[in-house]
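To start, the structure under review is shown below, and the notes come after it.
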Amino acid sequence: MFIIAKDLYKSYDHLKVLKGISLEIKKAEVVSIVGSSGAGKSTLLHLLGTLDKPDQGTISINGQEIQLLSGKKLSAFRNKHIGFIFQFHQLLPEFTAIENVSLPALIGGSEKDEAENKARELLIKIGLKDRLEHKPAKLSGGEQQRVAIARALINNPDLILADEPSGNLDTKNAKELHELFFQLREEFQQTFVIVTHNPELADMADRKLVMKDGVII
């Protein structure tokens, strides 16, 4: 198994958010996670993405026990192996599309020319050939989300985590985004874990997990 999570618990103050979640995800599998607001979906995604730590339980990604890493080693693992796509894009407004996409590669130690060449290739691949030098304010919502996807892909991560990736897109752009995920999976054999309220995207996945009150039902 590519991801193995066992007995994950997470609380914030006195609020118990995750209550003993265990799951396994295969390499190159597309898994959707659905459930009402407050079910713990985003918290689970943050734990899988090493952005937060469980109070209890273990997570293994591609054979690496996450709880054994900390500090710079954990940051380096995250930068190399995990790509993130957020609902609100999280693009830096002062940077162009190509600069935004290049950032994780630069942080990972790539040379500027190498990073920008890879960013250019990715942006062209996902249909943004004419938007390379545009800043986020000059891009549509769908275009901004594609930039965010290219940024997530720049370091060839094994795992892509997406939190409501089509939440702010119209129907047409959402459909194109969903189709793009599966094209990327076929081409790069990456594993996708997608938190979504979009029933079409959820049902397209290889497997759909339903969360309620901090557990998978």
Output yes when [X] and [Y] qualify as a salt bridge under the 4.0 Å nitrogen-oxygen rule, no when they do not.
X	Y	value
Glu29	Arg185	no
Arg120	Asp113	no
Glu121	Lys125	no

Heavy atoms only: give me the nearest [X]-[Y] pair and the separation to one decimal.
X	Y	value
Pro54	Leu47	N-CD2, 3.6 Å
Leu201	Pro165	CD2-CG, 4.2 Å
Gly35	His197	O-NE2, 3.4 Å
Asn198	Ala174	ND2-CB, 4.4 Å
Ala148	Ile85	O-CG1, 4.4 Å
Asp163	Ser42	OD2-OG, 3.0 Å

Hey, quick one: are [X] and [Y] part of the same hydrophobic cluster, counting side-chain heavy atoms closer than 4.5 Å, chains of contacts allowed?
X	Y	result
Val34	Ile217	yes
Leu161	Ile216	yes
Leu103	Phe84	no
Val195	Val215	no
Ile25	Val210	no

Gln189, CD atom: more than 12 neighbouring heavy atoms under 6.0 Å: yes
Would you say NZ of Lys27 has more than 12 non-hydrogen atoms from neighbouring residues, nucleotides or ligands within 6.0 angstrom? yes
For Ile160 and Leu153, what are the C-alpha separation, side-chain angles and deciding distance, and is it a side chain to side chain contact (heavy atoms under 4.5 Å, CB included)? CA-CA 8 Å; Ile160 302 290; Leu153 294 171; 3.9 Å; yes
So how far is it from [X] [atom1] to [Y] [atom2], rounded to the nearest 0.5 Å?
X	Y	atom1	atom2	answer
Phe182	Glu187	CZ	CD	15.5 Å
Phe181	Met204	CZ	CE	10.0 Å
Asn100	Leu139	CG	CG	9.0 Å
Gln145	Ser140	CD	OG	10.5 Å
Glu133	Asp130	CD	CG	11.5 Å
His134	Gln144	NE2	CD	12.0 Å

Using the side chain to side chain contact (heavy atoms under 4.5 Å, CB included) rule, take Leu23 and Ile4 through it: C-alpha gap first, then chi angles, then the decisive distance, then the call. CA-CA 6 Å; Leu23 60 84; Ile4 302 173; over 6 Å; no
All salt bridge (charged side-chain N to carboxylate O under 4.0 Å, His left out) counterparts of Asp52, not counting sequence neighbours: Lys10
Checking Lys112 now: which residues fulfil salt bridge (charged side-chain N to carboxylate O under 4.0 Å, His left out) with it, not counting sequence neighbours? Glu116
Are the side chain of [X] and the backbone of [Y] linked by a donor-acceptor contact shorter than 3.5 Å?
X	Y	result
Lys41	Ser36	yes
Asn155	His81	no
Ser102	Ile98	yes

Less than 4.5 Å apart, side chain to side chain, heavy atoms only: is that true for Leu159 and Arg78? no
N/O donor-acceptor pairs under 3.5 Å from side chains in residues 58-71, not counting sequence neighbours:
from: Glu65; atom 1: OE1; to: Gln67; atom 2: NE2; distance (Å): 3.0

Tell me, with the steps shown, if Leu18 and Tyr9 meet side chain to side chain contact (heavy atoms under 4.5 Å, CB included). CA-CA 5 Å; Leu18 300 184; Tyr9 288 82; 5.6 Å; no
Salt bridge (Lys or Arg N to Asp or Glu O under 4.0 Å) between Glu176 and Arg146, intermediate numbers included: CA-CA 10 Å; Glu176 289 177 355; Arg146 285 173 180 263; 3.5 Å; yes
Under the criterion salt bridge (Lys or Arg N to Asp or Glu O under 4.0 Å), I'd like the reasoning laid out for Glu114 against Lys118: C-alpha separation, chi angles, the key distance, then a yes or no. CA-CA 6 Å; Glu114 179 188 358; Lys118 181 71 183 295; over 6 Å; no
